[in-house]
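Notes to accompany the following structure.
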Amino acid sequence: MIQFFNVTKEYDKGVIALEDINLSINKGEFVFLVGPSGAGKSTFNRLIIREELPTQGQLMYEGKSILRMKKREVPYFRRKIGIVFQDFRLLSDRTVYENVAFALEAMAAPVSEVKYKVPQVLEMVGLDHKHDAFPQELSGGEQQRVAIARAIVNNPSLLIADEPTGNLDPDTSLEIMKLLNNINKRGTTIIMATHDKDIVNRMRKRVVVLNKGKIIRDVEKGGYTDEDQCHTLLF
Amino acid sequence: MIQFFNVTKEYDKGVIALEDINLSINKGEFVFLVGPSGAGKSTFNRLIIREELPTQGQLMYEGKSILRMKKREVPYFRRKIGIVFQDFRLLSDRTVYENVAFALEAMAAPVSEVKYKVPQVLEMVGLDHKHDAFPQELSGGEQQRVAIARAIVNNPSLLIADEPTGNLDPDTSLEIMKLLNNINKRGTTIIMATHDKDIVNRMRKRVVVLNKGKIIRDVEKGGYTDEDQCHTLLF
Amino acid sequence: MKISAIRYSFRDAFRSFWRHFGITVASITTVAISLLILGFTLLLVLNSQYIAGFMESQVEINLFLREDISRQDARAFENKLTRIEGVELVEFIPKEDALKLMEDSYGKDVDITKALGGNNPLPDTYRVKVVDVELVPQVAATIEKYDEVESLRYGQDFVNRLINFTNWLRNAGLVVIVGILFASLFLITTTIRLTVFARKKEISIMKYVGATNLFIRAPFFLEGMMIGLIGALISVVILYLAYGTVVNYALSSVPFMPLITDKTLLYQIFGYLLLGGTFLGAMGSMIAVRKYLNV
Amino acid sequence: MKISAIRYSFRDAFRSFWRHFGITVASITTVAISLLILGFTLLLVLNSQYIAGFMESQVEINLFLREDISRQDARAFENKLTRIEGVELVEFIPKEDALKLMEDSYGKDVDITKALGGNNPLPDTYRVKVVDVELVPQVAATIEKYDEVESLRYGQDFVNRLINFTNWLRNAGLVVIVGILFASLFLITTTIRLTVFARKKEISIMKYVGATNLFIRAPFFLEGMMIGLIGALISVVILYLAYGTVVNYALSSVPFMPLITDKTLLYQIFGYLLLGGTFLGAMGSMIAVRKYLNV
Ligand SMILES: Nc1ncnc2c1ncn2[C@@H]1O[C@H](COP(=O)(O)OP(=O)(O)OP(=O)(O)O)[C@@H](O)[C@H]1O
Ligand SMILES: Nc1ncnc2c1ncn2[C@@H]1O[C@H](COP(=O)(O)OP(=O)(O)OP(=O)(O)O)[C@@H](O)[C@H]1O
Ligand SMILES: [Mg+2]
Ligand SMILES: [Mg+2]
């Protein structure tokens, strides 16, 4: 589904965030992206959704080049992808309900679908009682869950989640991981950047480890570190 | 140092974020504030720095009422407190260096002190190479560390850290916790809201557990949950 | 665009209109003030040119007939005069009336008629009005060639001055209007740009979530239109009331002052202001949004 | 404030001036345009009142002496006239000159002198100028009582109209200036408010980090001052060049038009504009910031 060919991303001030990345992600996979702070995880995600363009290399989505995509095709492309941004990016002048509904409205979904689906996903993330609140009136974890709800509401074929449990307590994190796992089972490809050792070790999915912009490890059913690799299901 | 007397905080739309909180934190303590998403941890912190006023009850800092503080005293009061906000709150039009320097400049520190201290704390959090970057040019974890640097640069007597490791990988988190521990040892009281089970269990400090606005547990040398209480130093 | 998207656009435009109410009020007021200044300048310039035109229309050629022309011939001469190209109106003043007029100008106590002992040294006179003041010298030259004419006088100096002045006024008016037009254009679009600027993060988020440019712009377009239209309406209402007051006051205290009271022209100006305001509001916010769409 | 804080304020004002360059340019231009409109209106109103004053100063009383007054007594009468309160200038026109003037007005070909056979029915005349047009009727009444006076004339109608018109012009000018003053005040402060609005998050963050209100406001004050001053400077320079051009053009093509060329007055206006712009910029941003300080 996604292929990176010798992708390098250098930001303005000569910061090399990703260097010569080669990687292929298949349809239906669940990939954990881990690595220290500043390793390039978010940059990796940004390249896929065309928030940034790579300095070098080629990037394919379902066999088509993301780089050579026409500008007016980008929105339609992004609609197939659900994105949980590390900094949430909620619309501050809209309520929780409106934020989630927006993802559907933007793709011209009929009103009936909006009315049916939005409360449903809000319940999934445990926020049905907050639908009239504005983002500034939510706790950090609540905002994060709104971002998750918005990303999954339109049944994307790819879900990119950048640190989606960073502001959640372990129990809620577990709920969210169950949710993502279900979505994955229904066929959605998931790329999740995370620092949560427990989650990675518990889920036993493909783990891609980035460090200073390079892939230093890429294992199926992996753990957060090499040692975690050995024990199976500590918990 | 800090006393909560029957403190209740109700937000605009009838949301009760904290209910009848009674708590005392002594000088030099290290307190973990844990609890599920939306439990009231950030609200607890906001009340201390007078970002919000409680609906009921009394709040004391070093024997003086925070509520009856005059408006023009608030900035001087806040200078004694270092704050790591859950949403970072960096100044987007200033570089990393300028953001950290601002905390010192605001208290009219001499230029020589600014020039000496800012690089020092930036090195402590591992960001000496990023001092000319703007917040938008940083990764999530890097932004978080800038927020930490700004909070500790003026040697506050109280440090409030709201989820300061949510965007950091375990290794960097550990570094930061060592740093906070050192600061605590030098006499700074620390209140840290966190979801990081490992950290709480490893540090064995006082743990206050909030749930739905109420304190449901308050133990010295505690663990993240009741069970964690029993085992000592799992790792 | 699908029906649901159009419905969304309207809903969203209204929502943002009310949710950013402070900003909405600020931009509406800016639009109103800018258009008020523009409309006011337009009316001022148009009126001053109307007055200039009036002054020009007052210019007349005084034409003195030879003494030996009989009263009959004198009256017959009128036909010749009216046939000259550019002549608009011709008025005959017999020498008796001319003497009377002169005497009046010295006050009732100076009795020139008596002093003259029944003699009247003044000639029969024609007052000739010309359609366009610029034609006066030319018409005068034509008239002077007629045998019946002893001499004529039209205040060459004054006419030249007047032509200079009114031409100057027309040019200055044009420059002023163009200047104010651009100024109000800039003020309106800048304000709208600044209000959009405050929402630039929101715009980029929408784009990341998969909204098309059209979908994002449509509500801004509608909101800009509403702001422009309401601002323009306010300016038109104020202008209408103010102009009415000014004209009434002027006509009562300075009744001789020629002012435009032609409603059609006023309504035309108001129409342009409404159209311009709406257009600028809509376009201004559309263009401002574009800057933040490129993500 | 400590020295370090003052130094910080200046550094920060400049930093923000350059870092939000788009916004800085937009607000400077708005200030410049608003003050340009204000200055332009001021000059327009002042000039139109100057012209009105000039027209008023042209009013004169024509005073005809009794026929039996000797030339010597006539000349002696001048002293009495000049002593009347309100009289500014007195000019004697002997009856011969009066006849000559009248004759000239009929063109060189009408020989009234000959027709009169050496007789002159016209009286000796005084032209009296009055310091203030409003005093004309009163002065005329005083003069009329003198024995030497046969009759007088000052175009009662015209003077009344003129007084009405110039009064109207003065009132209208005042209303316009006050209106434009408020409009430019609003435009400038709104723009500055909107630019501060875009930084409201930054302001609250500063407050949370322990900055005093004064410390946060000082750079905004300085930056607003810079924006106001630069905008005002631009408007003054444009105004200076434009007014010079207009006056030159007017004086060359409409040389008789009385226009203000008094540099002192111009410089005074420019001074006010500079002061006003700087003040509005500084105050506008100070006040705008205050709204977001209360955290
Ligand atoms: N817009 C930008 N301009 C310049 N440098 C940038 C920009 N965005 C990111 N960087 C740099 O690129 C590197 C990789 O950043 P990225 O956000 O991809 O890291 P990350 O793996 O997501 O880190 P974290 O876990 O802290 O979120 C970092 O060093 C960061 O400072
Ligand atoms: N400004 C506000 N207006 C209304 N309700 C608010 C506001 N801020 C917070 N709340 C509500 O108060 C409750 C407590 O919020 P708080 O931010 O204190 O939670 P928290 O413990 O910090 O959660 P998290 O771990 O997710 O950050 C939540 O239900 C939240 O929705
Ligand atoms: Mg990241
Ligand atoms: Mg919180």
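Every chain is numbered from 1 and lettered A, B, ... according to where its sequence line falls, protein lines coming before strand lines.
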Whatever's closer than 4.5 Å to a heavy atom in chain D on E52(B) counts as neither
Test item: side-chain donor near acceptor, K71(B) and N294(D), under 3.5 Å = yes
* If you draw a 6.0 Å radius around OH in Y76(B), do more than 12 non-hydrogen atoms from other residues or ligands fall strictly inside? -> no
Ordered numerically, the heavy-atom neighbours of chain B under 4.5 Å found in residues 165-202 of chain D are R199(D), E202(D)
For A211(D) and F102(B), the nearest pair of non-hydrogen atoms, with its separation, is CB-CZ, 4.0 Å
Looking at K27(B), I want to see if its NZ is surrounded by more than 12 non-hydrogen atoms of other residues, nucleotides or ligands under 6.0 Å.
yes
| task | Could you tell me whether F17(D) atom CZ has more than 12 heavy atoms of other residues or ligands within 6.0 Å of it? | result | yes
Cut-off 4.5 Å, heavy atoms of chain D, and the answer for F77(B) is neither
| query | Less than 4.5 Å apart, any side-chain heavy atom of P75(B) and any of K207(D)? | reply | yes
Value for CG (L104(B)) from OG (S4(D)), rounded to nearest 0.5 Å, stands at 10.5 Å
Under 4.5 Å to a heavy atom of chain D? For I83(B) that would be side chain
Applying a strict 4.5 Å limit to non-hydrogen atoms, the region of Y8(D) in contact with chain B is side chain
Does R11(D) have more than 12 heavy atoms from other residues, nucleotides or ligands lying within 6.0 Å of its CZ?
yes
* Would you indicate whether Y11(B), at its atom OH, is surrounded by more than 12 heavy atoms from other residues, nucleotides or ligands within a distance under 6.0 Å? => yes
Indicate yes or no for a side-chain donor-acceptor contact from R89(B) to the backbone of I205(D) under 3.5 Å, with no hydrogens or angles considered.
no
Most heavy-atom pairs under 4.5 Å with chain D, out of V111(B), L91(B), N154(B), belong to L91(B)
In terms of heavy-atom pairs under 4.5 Å with chain D, the winner among R79(B), E51(B), R94(B), R50(B) is R94(B)
Honestly, the part of F134(B) sitting under 4.5 Å from a heavy atom of chain D is side chain
R290(D) atom CZ: more than 12 heavy-atom contacts under 6.0 Å = no
- Residues, nucleotides or ligands: over 12 heavy atoms within 6.0 Å of E123(B) CD: no
- Would a distance-only check, ignoring hydrogens and angles, find a side-chain to backbone donor-acceptor pair under 3.5 Å from R78(B) to V209(D)? no
Looking only at V114(B), D93(B), V74(B), most heavy-atom pairs under 4.5 Å shared with chain D are made by D93(B)
Whatever's closer than 4.5 Å to a heavy atom in chain D on L90(B) counts as backbone
In terms of heavy-atom pairs under 4.5 Å with chain D, the winner among S92(B), G82(B), A151(B), A109(B) is S92(B)
In this structure, CD of E105(B) is separated from CZ of F215(D) (nearest 0.5 Å) by 6.0 Å
